[in-house]
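Letters go in sequence order (proteins before strands), and every chain restarts at 1. On a predicted model such as this, the values are computed, not experimentally measured, just so you know.
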Number of protein chains: 4
Amino acid sequence: MNTHSKSEKAEAKPDKAVRIKDAATRVFANKGFYNSTIADVAKVAEVAEGTIYLYFKNKDDLLISIFEGSMDFFIQQVTQEIATVKNPEDKLKKFISLHLRLVQENPDLAQVLQIELRQSTKFMKEYEGGKFGDYLNVVRNILEEGREQGVFRKDIEPRILRRTIFGAVDEMALDWLLMPKKKYTLEACAEQLSALFLKGIIN
Amino acid sequence: MNTHSKSEKAEAKPDKAVRIKDAATRVFANKGFYNSTIADVAKVAEVAEGTIYLYFKNKDDLLISIFEGSMDFFIQQVTQEIATVKNPEDKLKKFISLHLRLVQENPDLAQVLQIELRQSTKFMKEYEGGKFGDYLNVVRNILEEGREQGVFRKDIEPRILRRTIFGAVDEMALDWLLMPKKKYTLEACAEQLSALFLKGIIN
Amino acid sequence: MNTHSKSEKAEAKPDKAVRIKDAATRVFANKGFYNSTIADVAKVAEVAEGTIYLYFKNKDDLLISIFEGSMDFFIQQVTQEIATVKNPEDKLKKFISLHLRLVQENPDLAQVLQIELRQSTKFMKEYEGGKFGDYLNVVRNILEEGREQGVFRKDIEPRILRRTIFGAVDEMALDWLLMPKKKYTLEACAEQLSALFLKGIIN
Amino acid sequence: MNTHSKSEKAEAKPDKAVRIKDAATRVFANKGFYNSTIADVAKVAEVAEGTIYLYFKNKDDLLISIFEGSMDFFIQQVTQEIATVKNPEDKLKKFISLHLRLVQENPDLAQVLQIELRQSTKFMKEYEGGKFGDYLNVVRNILEEGREQGVFRKDIEPRILRRTIFGAVDEMALDWLLMPKKKYTLEACAEQLSALFLKGIIN
DNA sequence: TATGAATGAGTATTCATTCAT
DNA sequence: TATGAATGAATACTCATTCAT
């Protein structure tokens, strides 16, 4: 998530907008969007409150920007990774393990996306057809591909199940994330899920 | 306000607390918890704002009460219904279709439970082990029963998948709920999900 | 201005809206509308800040309410007083002396009306045809009456001069009001103005 | 920004301070002093926000500078013009028509002077004895001259009426200025006013 | 001089909660 | 119990002003 992972100190400061978004992600994940104040975000980002308004129209816009930026990132990562394998089963496996890994590596972000974004039906309605829909369609495409190739059952409706599968994966990831004492690894989860869905889907 | 002063306490109009919870459910579902005011709830419940505080400690408590009350109801419904069938496959089918039906019949409530409640990490953490965990365990019990009876695969971890399956079902329900133009019936969803999971799980 | 001039202590508190308007008038006159805070007004009115919003939509509305209320009062006073005399010359005299007296007796109010209201062209445009226009028309009516009766010159345009005369009177009043050391009485002013205008107008 | 680096200081484009004042006049007239931002002014003046602070101490100082500069200009114009005629009646006529013309030719400036400047009691108090007083004294001098020469009535107090006459003229000008559809010309106003005051004043 | 990004103090407004009736 | 007027803490957002370049 941190684009400034290289240790070039002097040039460091990643771009103020990014710094603010990172800070906001952390703050929102910890306290929830509505319980976070702009002052909180500013403090963590080490900027003045007013500075935030130079980069984002308002508090909502900040949340939306986080969403859109990370969705772009997620979609790009997933699309790219999935392209490395051929058959739909492996693609689905890849998707599952990658999504879990992304959640694991960006826990705050994942939490914000999962929890905070849903709270506003408005957001959901607006973005269902947007970036979020794009991400869901990654799953849908895999399902359709599998169906066309005859490896997935014909009676599976990609349009219906795309979100179900995404939801199952994401829900599991979050469950794991919020679990205070990890009782199993995310890798184990990935296997369980893959096993479940593939067996459920394959002809 | 009460001109008929006789002490018919347990009268026709449902308990005021219930009226308030129903109103709150409707309001929270429409505008979101944080965008709803106590005044909004009071207006819909046709009580004075202060009255709400006679029945609930504060706004958060109102949300929690909705949650707990409905979870009790859901658990009771599901448990009872599931008891009518014997084998685990049918139980899972029942759970899936029943949960979807409950969502369909209580859309506002479902939305509040799914969306509004999650926005607070606190709630999630606190209630994972409470009523919500109880509901999740209905799924877990079905899974374990199936495993023990040898109808479900041994390599399926009930503890891991209980929330996944719940999540998949609930996510789908919400997806359907928020969909402006229903493109398919919830019954179709139930079948898809049952097909998917049973095939995925059964030996 | 104070409606609670009677000394009935217990019943005193005039009506909270009035108390707030009175306080606002004082505060706005002292510090100017834009340099006054709602907190200032609340403190002077001895109410909580939030209380102000129970009676007025917002800060602007408070200013407008002051304006409308006092215009009603002014118009009523002037109309009533003027009706007591017959010929237009006396009416004009009455108007002049009465307006000066009203300013003298309600200095804060006069200042707010004169200074604060003008600052917003919007207000002026909106109210030219409203309460303020009504007040101006008191002058216009006197002028027209005089013309019709042949006592005022025909070449005097009531529509043009109504505001001029009002302006002259009001400007003088304010000049006197803001003068730290009164060098002459308002009565002297009234006489000067009457002399000037009557001589200027009469046939 | 300046690519032609030769030191042509006093170049074509009017002094930057003037540009800023002109821009501010326009902006203040349109939106009001308190509703205008330095950013607004900077944009219209086509300078950076910071630049304004190289020429003016702060926002108030900008307003005051506009006031003082234009008062100097007004006084100079009026004084000069009035000197061209001899008798006090003509001088008063000249003053009236000239002031109206100045308003007509500098509507934004007139509005700022009349409306915006007054909103602050401070300004009024401070400037009564300053440039504004000087302008008022032009009227007073005419009145006194006329009295001394025996053409104006003795019972007219120049000190009292100077502002009244100024106020009447200015008020009328503003009335005309803010009138959306001009129903009469300013020349007509000038005649009405001259007629009124001269008849009112002359022996 | 000129810039405009950054600052952070300042404020209108909202709303959960209380309490006198 | 029930009311709803009153409270005042809390906060998003603005904007005059500064300052590193």
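D/Leu63 places its CG atom 13 Å from the P atom of F/dA16, with the value rounded to the nearest Å. E/dA5 atom C1' lies 7 Å from atom OH of A/Tyr55, rounded to whole Å. Atom P of nucleotide F/dA16 and atom CD1 of D/Ile20 are separated by 14 Å, given to the nearest angstrom. Per the geometry, CG belonging to A/Asp15 stands 14 Å off C1' belonging to E/dA6, to the nearest Å. Straight-line distance from the NZ atom of B/Lys43 to the C1' atom of F/dA2: 18 Å, rounded to whole Å. We find that CG of D/Leu54 is positioned 13 Å from P of F/dC19, with the value rounded to whole Å. Distance B/Ile52 CD1 to F/dT1 P: 16 Å, rounded to the nearest Å. Per the geometry, CZ belonging to D/Arg19 stands 13 Å off C1' belonging to E/dT1, to the nearest Å.
Here the CD1-CD1 distance, from D/Ile38 to D/Ile20, works out to 9.0 Å after rounding to the nearest 0.5 Å. Atom CG of D/Asp22 sits about 9.5 Å away from atom CG of D/Asp108, to the nearest 0.5 Å. Here CZ of C/Arg26 is found 13.5 Å from CD of C/Gln111. Values are rounded to the nearest 0.5 Å.
Residues passing the side chain to side chain donor-acceptor pair (under 3.5 Å) test with D/Asp72, sequence neighbours excluded: D/Lys131.
Judged by distance alone, the side chain of B/Thr37 and the main-chain N or O of B/Asp40 form a donor-acceptor pair under 3.5 Å.
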Polar pairs (N or O, both sides) under 3.5 Å between protein and nucleotides 11-14 of chain E?
from   : atom 1 : to      : atom 2 : distance (Å)
E/dA12 : OP1    : C/Ser36 : O      : 3.4
E/dA12 : OP1    : C/Lys59 : NZ     : 3.4
E/dA12 : OP2    : C/Ile38 : N      : 3.0
E/dT13 : OP2    : C/Tyr53 : OH     : 2.9
E/dT13 : OP2    : C/Lys59 : N      : 3.1
E/dT13 : O4     : C/Glu49 : OE1    : 3.2

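The shortest side-chain heavy-atom distance between D/Val112 and D/Leu63 falls under the 4.5 Å cut-off. Taking the side chain as every heavy atom from C-beta outward, D/Ser70 and D/Asn106 never approach each other to under 4.5 Å. Residues A/Phe28 and A/Ile66 are in side-chain contact: their nearest non-hydrogen atoms beyond the backbone lie under 4.5 Å apart.
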Canonical and wobble pairing (Watson-Crick, G-U, under 3.5 Å) of DNA chain F, dot-bracket with |: .||||||||||||||||||||
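The phosphate of F/dA5 has neither OP1 nor OP2 within less than 4.0 Å of any side-chain N or O from C/Lys16.
Figure legend: B/Lys59 and B/Phe33 shown as a cation-pi pair, the cationic atom lying under 6.0 angstrom from the six-membered ring centre and within 45 degrees of its axis.
The nearest heavy atom of DNA chain F to A/Thr51 and to B/Thr51 marks one nucleotide each, and the one closer to the 5' end goes with B/Thr51.
The residue A/Phe56 sits apart from the nucleic acid: no heavy atom pair falls under 4.0 Å.
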